[in-house]
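Reading through the structure tokens given below for one structure.
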Amino acid sequence: MTAAGPLLDAHLVVDRGGFLLDLPLTIGPGEVVALLGPNGAGKTTALRALAGLLPLSAGHLTLAGRELDHPGRRTWTPTEHRPIGVVFQEYLLFPHLSALDNVAFGPRRRGLDRQQARQRAADWLGRMGLTEHARRKPRQLSGGQAQRVALARALAVEPALLLLDEPLAALDARTRLDTRAQLHQHLTAHPGATLLVTHDPLDALVLADRLVIIEDGLVVQAGTAATITAQPRTDYVARLVGLNLYRGRASGQRIRLTDGFGLTTGDRHDGEVFVAFPPSAVALHPGQPDGSPRNTWPATITGVQRHGDNLRIQLTGPIEVAADVTPAAAAQLRLAPGQPVWAAVKAAETRAYPAA
Amino acid sequence: MALLLPAALGLLFLVLPLVGLLARAPWSTLPQRLTEPAVLTALRLSMQTATLATLLCLALGVPLAWLLARVRFPGRRVVRALVTVPLVLPPVVGGVALLLVFGRRGLVGSWLDATFGITLPFTTTAVVLAEAFVAMPFLIIAVEGALRGADTRYEEAAATLGAGRWTTFTHVTLPLVAPGVAAGAVLCWARALGEFGATITFAGNYPGRTQTMPVAVYLALETDLEAAIVLSLILLTVSVVILASLRDRWTGR
């Protein structure tokens, strides 16, 4: 954020009878914020409210010094007069127009003549490396190309706020990797504010400067990728970043979890804390391991899944926990659902942080 | 088997009259017959009025279809029902109704006469109006269906790019539903071309002015059967061509 203050300053309140979105949101010039959350959390509702496709019930929305939506003051700017650009989830390129005319559509509507609009569109397609595809219709483009045309179309109007709705969700895994890298470049170059709506934590971590995580219409956590991955505060966020997360009451290095189970950690705290550790920190043994300042407990396997090169083992017992083991270790231990094992976690591999 | 026999009879019933028409056609004198001034005049008038009626239907029917498909307003179901009335109304009743409204003593007709000195009945304009009245529902139903099937998210995308309602309609919505509009227009044109009841009631039967092909066929039947057959053949050919052009849409798969 610069001294001039945020480019986008909003408090989005949308009441859809039974679902309430209440999301304060500020984005600075050049900043990329990822709005992350499970399905039904209100991500799309927030994007539609910003785009003017859905009116606010309360709160306010100011972009580049202009008040676009403020129900309290009866201010409302329709979508077509907002300085925004949107990349839709399925791109929504106009099927009857060439890639060039799709990109020229916005500049043309914003006052450029046909020639200038096409020139601007050609420039943008050039930047996306799509010059030789300018004459093609959307159905003749690959998924990755269509994504870049959609991005060019949104950026060609030089929006103060760029909105991206799951921009990589429609692509296959391989294309997604390349496209994500290119998208990163273009977002870095974009001088306006950018809001990226996604449910993919990787997109958020790679593309965004800051993350805002919502569940059931409310912000549950916000901050940089580093703070959020290190200190998740809800089960959803913990799953997102791949950590085991518990809440309890600390006195020194000893933490009593809400269901009575005790853990020893490396950090010293007093009061309400979260304690987190990665699945790779959990070791499994056929019998009770002895010695060393470890947390050990008997558990039962409930599930075994592939996870990268390893196997992720879901365990139940005094606490629900996920453990990562190598396939070799799994074979040696004959891990299968229903089998009892002993779980062990070193105190030094757990992290505790205040919950309040 | 119990179904095959009536099915075959049904097919025969539909096809036999057409075969009869072809069998009785005066093939040897057909070239002269086709170029007779009376035939050409009726043909030209029919083509012109059907085309004008279709244009009128497009100009009024597409916005009406848009209203029905995209705008929620009280009484929309009633409006939709009203729009389809000419589909089931006997055309001759439509002709009488038109005469009562646009006739010299009619609601609108008397005003037109008094203000502009315009009289509509028994003019070529009356033919166009009669044809448009009967054919418009075909266009509206086709276009409304196409609009309902079109993805409205494209319209939202257009709005985010700065397009207002009108630009969105002309630059995005219409091109997206163009195939539906074209099919509706062709259907509307075919219906207008074959219009008889409303035309003869409201516009009468003046050669070169209001005597369209179907009217000419009906009159020729009493004086010159061969002429009636020739005129019918032309209309049959046009129908087959239209059916072929719409094949994928209406009869495919």
Side-chain angles (χ1 to χ4, degrees), chain A residues 44 47-54 68 77-98 101-112 114 117 120-121 124 137-138 146 149-165 195, chain B residues 54-55 58-59 61-63 65-67 69-74 139 142-188 245-246 248-249 252-253:
Chain A
T44 302
L47 181 133
R48 291 179 67 81
L50 288 167
L53 297 169
L54 201 66
L68 298 181
T77 305
T79 302
E80 61 265 31
H81 294 129
R82 296 188 178 198
I84 54 165
V86 185
V87 176
F88 291 90
Q89 187 171 356
E90 286 152 70
Y91 314 139
L92 302 179
L93 296 174
F94 302 130
H96 59 289
L97 298 180
S98 66
D101 287 333
N102 261 285
V103 181
F105 190 93
R108 184 89 178 87
R109 303 285 88 75
R110 290 177 200 232
L112 267 61
R114 187 182 294 256
R120 164 117 37 120
W124 274 103
K137 291 281 170 64
V149 174
L151 183 63
R153 183 173 75 168
L155 286 172
V157 297
E158 294 170 353
L161 174 64
L162 177 68
L163 300 164
L164 303 151
D165 190 5
L195 182 74
Chain B
T54 304
L55 291 176
L58 281 171
V62 171
W66 176 83
L67 196 71
R70 284 285 191 279
V71 185
R72 283 165 174 265
F73 59 93
L139 181 91
V143 175
E144 195 203 337
L147 282 170
R148 285 181 175 278
D151 194 339
T152 53
R153 293 178 309 162
Y154 288 107
E155 295 169 10
E156 292 183 347
T160 66
L161 292 165
R165 237 184 192 188
W166 174 250
T167 319
T168 301
F169 180 69
T170 55
H171 284 64
V172 176
T173 313
L174 266 190
L176 282 177
V177 300
V181 174
V186 170
L187 217 55
C188 173
S245 75
L246 290 176
D248 293 338
R249 189 160 280 268
R253 270 149 279 137

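Every chain is numbered from 1, with letters handed out A, B, ... down the list of sequences.
- In terms of heavy atoms, B:Leu161 sits closest to A:Arg109 at O-CB, 3.5 Å.
- Both the backbone and the side chain of B:Ala158 come within contact range of chain A, each with at least one heavy atom under 4.5 Å from a heavy atom of that chain.
- When heavy atoms are compared at a cutoff of 4.5 Å, B:Thr160 approaches chain A by way of both its backbone and its side chain.
- The shortest heavy-atom contact between B:Tyr154 and A:Phe94 is O-CE2, 3.4 Å.
- B:Glu156 is not listed as a side-chain neighbour of A:Thr79, based on a closest heavy-atom distance of 4.5 Å or more.
- Looking at A:Leu53, the atoms closer than 4.5 Å to chain B (heavy atoms on both sides) all sit in the side chain, from C-beta outward.
- Of the two parts of A:Arg108, neither the backbone nor the side chain holds a non-hydrogen atom closer than 4.5 Å to a non-hydrogen atom of chain B.
- The number of heavy atoms from other shown groups lying within 6.0 Å of NE2 (A:His81) does not exceed 12.
- Across all their heavy atoms, A:Glu80 and B:Gly164 have their closest contact at OE2-CA, 3.8 Å.
- Residue A:Leu97 does not touch chain B at all, counting heavy-atom pairs closer than 4.5 Å.
- Between A:His96 and B:Leu176 the shortest heavy-atom distance is ND1-CD2, 4.3 Å.
- Pairing each heavy atom of B:Gly162 with each of A:Arg110, the nearest pair is N-NH2, 3.4 Å.
- Within 6.0 Å of CZ on B:Arg148 lie more than 12 heavy atoms contributed by other residues, nucleotides or ligands.
- Between A:Phe105 and B:His171, the ring planes lie perpendicular to each other; the angle is over 60°, past the 30° to 60° tilted range.
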